[in-house]
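Each chain gets a letter, A, B and so on, in the order its sequence line appears, and its residues count up from 1. FYI, side chains are in, hydrogens and waters are out, and symmetry mates aren't considered; it's all heavy atoms of this structure.
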2 protein chains.
Amino acid sequence: MPDGSKTDRPRTRIQQRNRDLIAEAALEVFSTHGFRGATLDNIASEAGLSKPNLLYYFPSKEAIHTQLLSTLMDTWLDPLRALDAQGDPITELLAYVERKLEISRLYPRESRLFANEIVQGAPRMLTSLEGELKDLVDEKVAIIRDWADQGKIAKVHPYHLIFSIWSLTQHYADFDVQVRAVLGGEEPFDEAPAYLREVFLKLLTP
Amino acid sequence: MPDGSKTDRPRTRIQQRNRDLIAEAALEVFSTHGFRGATLDNIASEAGLSKPNLLYYFPSKEAIHTQLLSTLMDTWLDPLRALDAQGDPITELLAYVERKLEISRLYPRESRLFANEIVQGAPRMLTSLEGELKDLVDEKVAIIRDWADQGKIAKVHPYHLIFSIWSLTQHYADFDVQVRAVLGGEEPFDEAPAYLREVFLKLLTP
DNA sequence: CCAGTATTTGACCAGTCGGTCAAAGGAAGG
DNA sequence: CCTTCCTTTGACCGACTGGTCAAATACTGG
């Protein structure tokens with residue numbers, strides 16, 4: 001049995017491949033059915049493996065889910081990490097919006113995985129939210145507050161500014177079905193970038 | 001057995017009370033665990049009834065869920081219905097934002113119930129979205145487009161304007177845990193109304 | 001108080017779920 | 001070819017889930 005601890009790399013190519021297959025399948029299934037709605041049989045067949053074989057690589061359903069979440073948390077925070085205190089304030093913030101929207105477009109399943117978890121009260125993620133996430137946000141909020149104090153951007157509530165960026169960008173991934181149902185045939189991501197740019201440009205211009 | 005069809009009123013006070021108890025309990029459970037994550041036992045004990053007793057009033061778990069969704073869809077659309085083509089454009093739109101935010105504050109469980117359903121692809125709601133919802137939105141979009149054409153508000157993409165109102169207001173209900181985790185002790189709904197007012201005022205002013 | 005109806009429930013069922021296990025199949029080096 | 005370790009699986013298990021049913025218990029009008 002392979003060592004299940006997260007720290008050590010898989011030793012063989014087969015392990016690497018199958019762990020990747022499982023992660024990919026689990027992302028697909030968890031993101032469309034939620035934790036409770038996903039079954040090991042679903043994930044197994046999506047991955048092209050048998051159920052006992054899944055459990056050869058991961059000790060439990062919960063473990064697969066947990067690994068997915070913690071892997072993705074980093075990816076999720078990257079765009080915000082890139083917000084640079086040295087850059088031009090408005091350019092930096094608009095670039096953040098753009099990066100975040102692009103990620104929603106490219107990785108909607110990851111977005112929905114988080115959405116599922118958070119909407120249901122984040123039972124398996126609360127410590128992450130209160131830890132890494134809050135720390136990073138606090139740090140960037142300080143930068144935004146400085147910019148506002150120096151008159152480089154409009155005086156907006158920095159926490160709510162960040163919430164609104166998350167909200168507006170992730171909406172296109174998380175509520176994709178609704179957006180498409182309302183738009184009919186039109187492709188949401190054609191217009192979204194320009195629209196969001198306009199929103200935040202108007203909001204932030206002093 | 002009571003007649004299960006939705007059209008006729010319950011005949012007795014007991015039926016009325018128990019149906020209400022079940023709906024309330026189901027809202028609580030479905031909104032925090034999703035359809036699959038909710039169990040009849042959960043709902044029953046939350047309602048203070050036995051499981052077979054639930055199924056005396058509703059033919060199935062699915063039926064409870066369906067009735068919740070369709071009852072709530074109306075409530076959900078009301079704020080948008082109230083958007084008045086005759087009123088002052090900016091006042092009307094800001095009032096819509098305010099109503100929507102207020103509803104998120106007062107009925108977060110209802111909001112999360114929808115969020116759960118839509119994030120997972122709206123398997124039990126798609127026809128509603130493509131029907132009533134789209135029709136109402138189309139109608140109101142026409143009004144907003146007129147306002148923009150007449151120069152009474154800024155020229156913004158009307159569909160995306162509506163998406164952004166939904167997104168920003170519902171975020172405070174749907175992602176409540178995350179918002180609170182980041183804010184620490186602060187109460188989100190203290191600052192949100194003024195913030196959102198500022199966002200949309202700046203966006204809509206020609 | 002009684003008959004008849006509405007309501008409630010304990011016991012039960014078949015299907016599904018996460019997870020186990022022993023045994024069978026591969027891969028690789030000597 | 002043989003040994004050793006890695007990988008895969010069919011069969012199985014106990015817990016849980018949605019749902020049924022017949023019997024028991026309240027309610028109601030007469």
Take the protein atom [atom1] of [X] and the nucleotide atom [atom2] of [N], then report the distance between them rounded to whole Å.
{"X": "B:Arg13", "N": "C:dT7", "atom1": "CZ", "atom2": "P", "result": "12 Å"}
{"X": "B:Ile22", "N": "C:dT7", "atom1": "CD1", "atom2": "P", "result": "11 Å"}
{"X": "B:Leu21", "N": "C:dT7", "atom1": "CG", "atom2": "C1'", "result": "14 Å"}
{"X": "A:Leu55", "N": "D:dT8", "atom1": "CG", "atom2": "P", "result": "13 Å"}
{"X": "B:His33", "N": "D:dC16", "atom1": "NE2", "atom2": "P", "result": "15 Å"}
{"X": "B:Asn53", "N": "D:dT20", "atom1": "CG", "atom2": "P", "result": "15 Å"}
{"X": "B:Asn18", "N": "C:dT8", "atom1": "CG", "atom2": "C1'", "result": "10 Å"}
{"X": "B:Tyr56", "N": "C:dT7", "atom1": "OH", "atom2": "P", "result": "4 Å"}

Hey, which of these two, A:Leu54 or A:Lys51, hits DNA chain D nearer its 5' end, going by closest nucleotide?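 Comparing both residues, the 5'-ward one is A:Leu54.
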Nearest-nucleotide check on DNA chain D, B:Lys61 vs B:Ile14; residue mapping nearer the 5' end is B:Lys61
Should the ring pair B:Phe163 and B:His160 be called parallel, tilted or perpendicular, given that the plane angle runs from 0 to 90° and is split at 30 and 60?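 Taking B:His160 first and then B:Phe163, their aromatic rings stand perpendicular (interplane angle over 60°).
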Give the ring-plane orientation class for B:Phe189 versus B:Tyr172, where under 30° counts as parallel, over 60° as perpendicular and anything between as tilted.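 Plane angle between 30° and 60°, so tilted.
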Could you tell me whether the side chain of B:Arg112 and the main chain of B:Ala173 form a donor-acceptor pair under 3.5 Å? yes
Looking at B:Lys100 and B:Leu168, would you say the former's side chain and the latter's main chain have a donor-acceptor pair under 3.5 Å?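 Answer holds: no.
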Go through D:dG18, D:dT8, D:dT20 for me and flag the one nearest to the B:Pro52 side chain.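 The closest nucleotide is D:dT20.
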I'd like to check the salt bridge (charged side-chain N to carboxylate O under 4.0 Å, His left out) partners of B:Lys134; sequence neighbours left out, ordered by chain and number.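 Listed in chain order: B:Asp138.
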Can the ring centroids of A:His157 and B:Tyr195 be said to lie less than 6.0 angstrom from one another? no
Quick one: is A:Gln15 getting a side-chain N or O under 4.0 Å of the D:dT7 phosphate, OP1 or OP2? yes
So how far is it from B:Asn42 CG to B:Phe30 CZ, rounded to the nearest 0.5 Å?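 Separation between the atoms: 10.0 Å.
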Please list residues of residues 36-44 of chain A whose heavy atoms come under 4.0 Å from any atom in DNA chain C, ordered by number; otherwise none. A:Ala38, A:Thr39, A:Leu40
